[in-house]
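Comments concern the structure below.
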Amino acid sequence: MKQGHVVVLGSVNVDLVLRCAALPVPGQTVKGSDFQRLTGGKGANQAVAAARMGASVRFVGAVGADESGRLARAALSANGVDVRHLKEVSDVATGAAMILVDQASGQNCIALYEGANAHVDTALVDAAADDIASAALLVCQLETPESATLHAARIAHEAGVPVLLNPAPAMPIDAALLALVDILIPNESEAMVLAEQPADGAFDQDRALDVLLGKGARSVLITLGVDGVLYGDGRTRLRREAYMTQAIDTSGAGDAFIGAFAAALVSGRPLEHAIEFAQRAASISVTRRGAMASLAYARELAGDG
Ligand code: RIB
């Protein structure tokens, strides 16, 4: 892959995080502890994850004209992310995520408020078109409107810039978008939805990968948590075991993986090294609390080949 900057198009949220002894079931109220209000959003997290790994990152997104938006802009900037295409929208709040973390397992559940993220539109993408067309890689997720993502992917594709899509949160996507994707990185539940596997059945990893390649993605990397990763393209298929660590909070682990993977690719690492690098970054993030707050720095992976 050519070296150069990464453009991340995506969401910005304020994360309202609470740790619980057990996640509540419908109708139940549980007590939580360690309440935190942090900057997050899959787009912002992935931008910061890549920047902390040494990549030059330009962010395209939207926040409200409020304190959460100002804090998010400051957090992105403080991590070295270029925010010239971070739009401020009046009369709408910055996106928000209510995150409950299971104290014992570190697993979480998240409810999202879209807020200003809904205002990431084709006009904003057009304003960033030169940055996208000159990038080494475009990185997108699904917390911002698909029409803008599709537009950005078209600009990138026409300019020969690879498109990395993290299809999170899990939802069906436009076939036209999938056909523009060079590297699709779903987790297991996202892969199940996109590959149309029944949610109540056993997950057939290889079959899901084949289906996603058949739908037009040039390569697919399924992250499988403690089961590692499965990668496939037209010629190669490989599996890698996970790095086992004691997880205390898995929020942002996928973002840590994607940001580090993107940074490794644009720094010229071969695919398998980039995957290993990303796994190590994610394994560090799960040992710390928060999403953006938990993301690893390049110095913590020093010595990686
Ligand atoms: O991937 C973690 C992120 O998902 C959180 O930061 C939250 O904002 C949600 O978007």
Side-chain angles (χ1 to χ4, degrees), residues 8-19 23 34-52 57 59-64 66-69 71-76 78-79 81 86 92-102 105-120 139-146 149 164-171 185-191 193 223 225 247-262 278 281-296:
V8 178
L9 167 73
S11 57
V12 179
N13 294 327
V14 54
D15 289 351
L16 303 172
V17 190
L18 202 54
R19 293 170 72 77
L23 299 177
D34 302 313
F35 175 70
Q36 285 181 296
R37 187 176 187 275
L38 304 164
T39 292
K42 293 187 196 304
N45 294 342
Q46 291 175 19
V48 167
R52 286 188 182 177
V57 184
F59 186 71
V60 183
V63 290
D66 52 20
E67 196 200 355
S68 301
L71 289 173
R73 185 181 297 276
L76 285 160
N79 281 282
V81 175
L86 178 59
V92 59
T94 296
M98 320 297 256
I99 305 181
L100 298 179
V101 179
D102 182 324
S105 68
Q107 298 296 316
N108 62 60
C109 60
I110 302 180
L112 289 174
Y113 162 67
E114 197 177 23
N117 293 310
H119 294 258
V120 174
V139 176
C140 315
Q141 321 75 32
L142 299 178
E143 282 185 350
T144 43
E146 196 178 9
T149 306
L164 186 165
L165 177 68
N166 169 222
M171 63 179 83
I185 309 188
N187 66 15
E188 185 172 318
S189 56
E190 292 147 10
V193 169
T223 58
I248 64 156
D249 182 351
T250 58
S251 5
D255 302 329
F257 182 96
I258 284 158
F261 182 69
S283 75
I284 291 173
S285 84
V286 300
T287 65
R288 306 199 282 233
R289 286 171 50 197
M292 187 182 287
S294 71
L295 299 169

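This one's a predicted model, so the numbers in the text were calculated from it and none came from an experiment. Side-chain atoms are counted along with the backbone in the values below, which use heavy atoms only and exclude waters and symmetry mates. Order of appearance sets the numbers: ligands from 1, and atoms from 1 within every ligand.
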Partner set under side-chain contact (heavy atoms from CB on, under 4.5 Å) for A293, not counting sequence neighbours: none
Min side-chain heavy-atom separation V63-L86 under 4.5 Å: yes
Residues S251 and D249: side-chain donor-acceptor under 3.5 angstrom: yes
Residues in side chain to side chain donor-acceptor pair (under 3.5 Å) contact with N45, at least two apart in sequence or another chain: D255
For V193, all residues meeting side-chain contact (heavy atoms from CB on, under 4.5 Å), sequence neighbours excluded: A170, P172
Distances under 3.5 Å, N/O of ligand 1 against N/O of the protein: list each pair and its distance.
{"from": "ligand 1", "atom 1": "1 (O)", "to": "K42", "atom 2": "NZ", "distance (Å)": "2.9"}
{"from": "ligand 1", "atom 1": "1 (O)", "to": "D255", "atom 2": "OD2", "distance (Å)": "2.7"}
{"from": "ligand 1", "atom 1": "4 (O)", "to": "K42", "atom 2": "NZ", "distance (Å)": "3.1"}
{"from": "ligand 1", "atom 1": "6 (O)", "to": "D15", "atom 2": "OD1", "distance (Å)": "3.4"}
{"from": "ligand 1", "atom 1": "6 (O)", "to": "D15", "atom 2": "OD2", "distance (Å)": "2.6"}
{"from": "ligand 1", "atom 1": "6 (O)", "to": "G41", "atom 2": "N", "distance (Å)": "3.0"}
{"from": "ligand 1", "atom 1": "6 (O)", "to": "N45", "atom 2": "ND2", "distance (Å)": "2.9"}
{"from": "ligand 1", "atom 1": "8 (O)", "to": "N13", "atom 2": "ND2", "distance (Å)": "3.0"}
{"from": "ligand 1", "atom 1": "8 (O)", "to": "D15", "atom 2": "OD1", "distance (Å)": "2.5"}
{"from": "ligand 1", "atom 1": "8 (O)", "to": "G41", "atom 2": "N", "distance (Å)": "2.9"}
{"from": "ligand 1", "atom 1": "10 (O)", "to": "N13", "atom 2": "ND2", "distance (Å)": "3.1"}
{"from": "ligand 1", "atom 1": "10 (O)", "to": "E143", "atom 2": "OE1", "distance (Å)": "3.0"}
{"from": "ligand 1", "atom 1": "10 (O)", "to": "E143", "atom 2": "OE2", "distance (Å)": "2.6"}

Side-chain H-bond candidate by donor/acceptor type, D66 with T94, under 3.5 Å: yes
